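One structure below.
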Amino acid sequence: MNLIMTTLLISIALSSVLALVSFWLPQMSPDAEKLSPYECGFDPLGSARLPFSLRFFLIAILFLLFDLEIALLLPLPWGNQLPDPTYTLLWAATVLILLTLGLVYEWAQGGLEWAE
């Protein structure tokens with residue numbers, strides 16, 4: 001019981017100290033950019049139809065694709081412990097080969113070149 005109370009007391013004290021320091025530590029000197037309703041870097045009073053680079057969207061889609069690959073391969077260690085993991089490893093290898101071929105194709109076409 002003494003260990004639980006000590007741990008609880010330390011965690012409450014530490015979180016209280018960190019909360020108080022976070023209120024006193026930041027510098028309060030707002031400038032015009034911080035006071036504007038949009039901090040994204042675009043002029044909020046200008047045109048809303050600004051052109052975006054197509055390469056930006058291509059890189060973003062590729063990032064999402066490889067992020068999805070990681071999500072699909074996360075259950076692989078558990079599937080490897082099945083009595084017959086052949087099908088699991090076959091499907092994982094198929095996904096990896098397909099995505100690797102797609103990456104090689106994008107690389108060969110110059111889709112990963114950010115600047116020309």
Side-chain angles (χ1 to χ4, degrees):
M1 190 67 165
N2 194 12
L3 180 63
I4 293 173
M5 289 302 290
T6 304
T7 306
L8 188 63
L9 184 67
I10 289 174
S11 64
I12 290 173
L14 185 62
S15 61
S16 299
V17 167
L18 289 175
L20 289 173
V21 167
S22 71
F23 283 117
W24 291 326
L25 193 61
Q27 298 175 357
M28 298 301 217
S29 57
D31 55 355
E33 293 296 323
K34 282 290 187 184
L35 293 176
S36 71
Y38 302 102
E39 295 183 23
C40 62
F42 293 110
D43 183 20
L45 302 176
S47 173
R49 307 260 184 230
L50 294 175
F52 285 103
S53 173
L54 187 60
R55 293 191 183 270
F56 171 76
F57 289 115
L58 178 65
I59 298 295
I61 288 172
L62 285 175
F63 172 76
L64 290 175
L65 179 70
F66 286 103
D67 195 35
L68 178 66
E69 170 199 0
I70 292 172
L72 288 174
L73 293 178
L74 276 177
L76 186 60
W78 289 280
N80 198 15
Q81 297 173 2
L82 293 173
D84 187 22
T86 310
Y87 293 117
T88 305
L89 294 175
L90 179 69
W91 282 110
T94 304
V95 168
L96 284 175
I97 289 170
L98 183 65
L99 287 172
T100 303
L101 289 175
L103 179 64
V104 168
Y105 176 75
E106 283 292 329
W107 198 337
Q109 294 295 320
L112 300 177
E113 301 282 331
W114 187 258
E116 294 178 9

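Bear in mind the structure is a predicted one, so any value in this text is a computation, not a measurement.
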### Query
Which distance, rounded to the nearest 0.5 Å, do you find between the CG of Leu72 and the CG of Asp67?
10.0 Å

### Query
What is the distance from atom CD1 of Ile4 to atom CG of Leu9, rounded to the nearest 0.5 Å?
13.5 Å

### Message
Measuring only between side-chain heavy atoms, which start at C-beta, is Tyr87 closer than 4.5 Å to Leu82?
### Response
no

### Query
When rounded to the nearest 0.5 angstrom, what is the spacing between CG in Leu89 and CG in Asp84?
9.5 Å

## Note on the structure
Minimal heavy-atom distance between Leu103 and Phe66, with the atoms involved, is CB-CZ, 3.9 Å

### Query
Nearest 0.5 Å, what's the CG-CG distance between Leu3 and Leu8?
11.0 Å

### Task
Taking atom CG of Leu74 as the centre, report whether more than 12 heavy atoms of other residues, nucleotides or ligands fall under 6.0 Å from it.
yes

### Query
Do Thr6 and Ile10 come within less than 4.5 Å of each other through their side chains, counting heavy atoms only?
yes

### Query
When clusters are formed by joining ILVMFWY residues with side-chain heavy atoms under 4.5 Å apart, either directly or through shared neighbours, do Leu62 and Val95 land in the same one?
yes

### Summary
So OG of Ser15 and CG of Leu18: to nearest 0.5 Å the spacing works out to 7.5 Å

### Message
Tell me the closest heavy-atom pair linking Ala19 and Ser22, and the distance in Å.
### Response
O-OG, 2.7 Å

### Message
Please find the pair of heavy atoms, one from Thr94 and one from Leu90, that lie closest to each other, and give the distance.
### Response
OG1-O, 2.7 Å

### Message
For a 4.5 angstrom cut-off between non-hydrogen side-chain atoms, does Leu101 reach Ile97?
### Response
yes

### Query
Cluster question for you: counting only ILVMFWY and a side-chain heavy-atom cut-off of under 4.5 Å, with indirect links fine, are Trp107 and Leu65 together?
yes

### Query
Is Leu98 reachable from Tyr105 through a run of hydrophobic residues whose side-chain heavy atoms are each under 4.5 Å from the next?
no

